[in-house]
Number of protein chains: 2
Amino acid sequence: MCAKDCCAPKDERKGVEIACKCETRVQRFLQPCLLLLLKVKPSYGYELVENLHQFGFDELPDPATTYKNLRIMEQEGWVASQWDTGGPGPARRIYQVTPEGEDLIQSWTVAIRRTQESLNTFLSLYEREFKK
Amino acid sequence: MCAKDCCAPKDERKGVEIACKCETRVQRFLQPCLLLLLKVKPSYGYELVENLHQFGFDELPDPATTYKNLRIMEQEGWVASQWDTGGPGPARRIYQVTPEGEDLIQSWTVAIRRTQESLNTFLSLYEREFKK
DNA sequence: AGTCTCTATATGCATTAAGAATATAGATGT
DNA sequence: ACATCTATATTCTTAATGCATATAGAGACT
């Protein structure tokens, strides 16, 4: 059993855990999560990474991925940023959601509801097949 | 609005629909769906592609992807295949689930339930933020 | 002054899953 | 003989992500 209680055993030769065989990652889920967090409160990369915990990612996206996505989202016009040099420590790039970004949260929620229905279909079929 | 009622407009210059910006694909969801379909009834690639409709994929995985995944799953030992030359038309490679494959369906279901909880968290936070 | 750690952002490279395009070929109908 | 439908397979490319690494300011301690 792997750390996620599903499948992957340890690789005895290397002594490390090998990739989980039954992982189902939600691709492009990071961007809607970031948008929603920023809608709740304008924030910056380092803090956002910590707040992503609540979305129950199996493994948190690494900082590099988060920073890269924030830059992409700014290019797309969904968020806007400004440097904050006021606080302690190094300067922070504070992001906030634009009107376009707010519209997109609505649209993305529609897509996520549809994704959820797909998973429901799988789980229903699973129950019908095994739990009888 | 795109065909999925969320965001992507048509590209006027090319006259074609551009990629939807708010798509959240469930990565590696195809394999558990195939395993479950094969658990219900042994089948072959071409037929499986048609039966994938029921899982509500936004866009059906193209045949190439399905065939490739079936081969990978056979290499992993989750399914076994044999040629069926009996029926009409060209020979079919019939797949069925192995005991290892059945175990994996259980494990994968655990992962899919966890994924569903992530989506629930997003949707709850969305409702709290917007629907009040 | 030197250096160590924590915070914070950023870039380059490699991996992986998936799609697009294409190739192959048997069976069937005209 | 030829077109069409069924069925499988391969190659090339793209997109999203993770890993490793680089950079640098601020505060603490010696």
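The sequence lines fix the lettering, A, B, ..., with proteins before strands; numbering per chain opens at 1.
- Ring geometry for Phe55(B) versus Phe122(A): interplanar angle of 30 to 60°, hence tilted.
- Rounded to an integer number of Å, the gap from CG of Asp62(A) to C1' of dA10(C) is 12 Å.
- Rounded to an integer number of Å, the gap from Trp83(A) CH2 to dA8(C) P is 12 Å.
- Nearest to the side-chain atoms of Tyr95(A) among the listed nucleotides dT6(D), dA10(C), dA20(C) stands dA10(C).
- In this structure, Leu52(B) and Thr66(B) have side chains that are in contact, with non-hydrogen atoms separated by less than 4.5 Å.
- Proximity note for Arg71(A) (side chain, C-beta onward) versus dA18(C), dA9(D), dA10(C): the nearest is dA10(C).
- For Arg92(B), taking side-chain heavy atoms from C-beta onward, the closest of the listed nucleotides dT8(D), dA20(D), dT11(D) is dT8(D).
- For the pair Glu59(A) CD and dA16(D) C1', the computed distance is 15 Å after rounding to whole Å.
- Ring geometry, Phe57(A) versus Phe29(A): the interplanar angle falls from 30° to 60°, so the pair is classed tilted.
- Contact detail for Leu70(A) and Val79(A): the closest heavy-atom pair is O-CG2, 4.0 Å.
- Regarding Asn69(A), its CG atom lies at a distance of 14 Å from the P atom of dT11(C), rounded to whole Å.
- At a threshold of 4.0 angstrom between heavy atoms, the contacts of Pro63(B) with the nucleic acid are absent.
- The CZ-P distance, from Phe29(B) to dT16(C), rounds to 23 Å in whole Å.
- Rounding to the nearest 0.5 angstrom, the gap separating the CG atom in Leu125(A) from the CD atom in Gln54(B) is 6.0 Å.
- The listed nucleotides are dA20(D), dC12(D), dA21(C); the one nearest the side chain of Lys68(B) is dC12(D).
- By the side-chain contact (heavy atoms from CB on, under 4.5 Å) test, Ser81(A) pairs with Glu74(A), Arg93(A), Tyr95(A), sequence neighbours left out.
- The side chain of Arg93(B) approaches dA9(D) more closely than any other nucleotide in the set dA10(C), dA9(D), dG18(D).
- Between Glu47(B) atom CD and dT6(D) atom P there is a gap of 13 Å when expressed in whole angstrom units.
- The interatomic distance linking Leu48(B) (CG) with dT6(D) (P) rounds to 16 Å, in whole Å.
- Lys68(B) pairs by the side-chain contact (heavy atoms from CB on, under 4.5 Å) definition with nothing, not counting sequence neighbours.
- dA26(D) atom P lies 16 Å from atom OH of Tyr46(A), rounded to whole Å.
- For Ala64(B), the side-chain atoms get nearest to dT10(D) when compared with the rest of dG19(C), dA8(C), dT10(D).
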Output one letter per nucleotide in nucleotides 24-30 of chain C: B when a protein non-hydrogen atom lies under 4.0 Å from the base, S when only the sugar-phosphate is that close, - when neither is.
--BSS--
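- For Tyr44(A), taking side-chain heavy atoms from C-beta onward, the closest of the listed nucleotides dT9(C), dG18(D), dC19(D) is dT9(C).
- A close approach under 4.0 Å does not occur between any side-chain nitrogen or oxygen of Tyr67(B) and OP1 or OP2 of dA9(D).
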